[in-house]
Amino acid sequence: MRVLFLGTPAFAVPSLEALAADPEIEVVAVITQPDRPAGRGRRLTPPPVKETAQRMGLPVRQFESIRANPEALELIRSTAPDVGVVVAFGQILPKEFFAAPPWGTLNVHASLLPAYRGAAPVVHALLNGDSITGVTIMRIDEGMDTGDILARREVPVPPDATAGELEELLAREGARLLVVTLRRYVSGELQPVPQDHAGATYAPRLPKEAARVDWSLGAWAVHNLIRAMNPRPGAFACFREQEVKLWRSVPPGAEQRAISSGRPGEVVGINREGVMVACGDGVLTLTELQLPGRKRVSGVEFANGVRLETGERFA
RNA sequence: CGCGGGGUGGAGCAGUCCGGUAGCUCGUUGGGCUCAUAACCCAAAGGUCGGAGGUUCAAAUCCUCCCCCCGCAA
């Protein structure tokens, strides 16, 4: 089977690797976004999928815009794929493109569609405190994640998982499901099932300001924000006129409620586990924080370094 | 040449502007206290202050170059 692959970030890498590793599949070409200025110094950096493809010796093409580029369609003609596979590519594809291969184009999405359509399904699942999420394999159509479903698989969310960790889990699970689903789909075993559009929810990319901690919320809500924003962009709060990043916290337990809480944002305790901060409801223990220009440190190290005392406040 | 912060005993930091025999919290080791403890008390060990030059009677501190780490931004 000849497959044309489109993807960009780390989430797409396991899928590409799984396809390339399957003896019955030939990845005829990999399309990804152009190298972008990234990191300190804004050096031009290739997307993870490009690096993976090159390492595996697969032909790579980079398009600023597939829609506006006739070369993209030409690529389909010249490589004659049986099916296209899109995983976190980052561009909307025109119908003439995704419908060109005989079996159309499939997509791996990091949620149980029709829940969390859009660019940031993992982040929203964590923000909402979901205990179960999953991956979906669907056929791409003209809408945003609205295509007919071929397969879905649930994945339990670990209570302390960060977005990065959960994304990695889902990327692996999605890759596995993609390969088996693709095979069954092309052999005619699978009938695409339309989504329940009435039950759709959306997961748009969030602005940076969404990562600011609101201490008046419950301890669980703050904890969910912290893990949803790890590794990017990092939940943050104000501490002594500076922006501190909050990278990790302990899932609030019953024992946290027992502590007499202070005003929201107030440090109510410091121990080996971390820094305990009062929230609108309950107390949250911060276990990994970072001052601007500094390294990430444990709660204890943070407290030692800044000579933290109970009664101080995060804002 | 995108903007900026930082490298000081095992860890996190102060001291650098206004050069003059290195300090804080934690940890470690020994001892004490206690029914007991990750709690408390006493004591000790542990640093060529990222590297190389330079200025100076004297450099963690001033100047030059190099290496490494990080925040913003994208």
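Small disclaimer: the values here were computed from a predicted structure and weren't measured. Here is how names work: the chains are called A, B, and so on, in the same order as the sequence lines, proteins then strands, and each is numbered from 1.
- Looking at which nucleotide of RNA chain B each of Arg272(A) and Glu243(A) is closest to, the 5′-most match is held by Arg272(A).
- The pairing partner recorded for C40(B) is G32(B), the criterion being a Watson-Crick or G-U wobble arrangement whose two distances lie under 3.5 angstrom.
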Stepwise side-chain hydrogen bond (donor to acceptor under 3.5 Å, both in side chains) test for His197(A) and Arg117(A): CA-CA 11 Å; His197(A) 299 289; Arg117(A) 291 174 174 172; 2.8 Å; yes
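- Taking atom CG of residue Leu289(A) and atom P of nucleotide C70(B), one finds them 17 Å apart after rounding to whole Å.
- Distances shown here put every side-chain N or O of Lys295(A) at or beyond 4.0 Å from the OP1 or OP2 atom of G71(B).
- Distance, Glu301(A) CD to G12(B) P: 6 Å, rounded to whole Å.
- Following rounding to the nearest Å, Arg307(A) (CZ) and A11(B) (C1') show an atom-to-atom distance of 14 Å.
- Side chains of Gln62(A) and Asp35(A): a donor-acceptor N/O pair is present below 3.5 angstrom, by distance only.
- Along RNA chain B, the nucleotide closest to Ala38(A) and the one closest to Leu291(A) are compared, and the more 5′ of them pairs with Leu291(A).
- Here A74(B) presents its C1' atom at 14 Å from CG of Asp35(A), a figure rounded to the nearest Å.
- U8(B) and U61(B) have their C1' atoms separated by 12 Å, given to the nearest Å.
- Pairing partner, G27(B): none, since no Watson-Crick or wobble contact has both distances short of 3.5 Å.
- Protein atom CD of Glu309(A) is 15 Å distant from nucleotide atom C1' of C26(B), rounded to whole Å.
- Electrostatic pairing of Glu165(A) and Arg248(A) counts as a salt bridge here, judged by a charged N lying under 4.0 Å from a carboxylate O.
- In this structure, Arg294(A) does not reach the G12(B) phosphate: none of its side-chain N or O atoms is under 4.0 Å from OP1 or OP2.
- Side-chain atoms of Ile31(A) and Ile66(A), non-hydrogen and from C-beta on, do get closer than 4.5 Å to each other.
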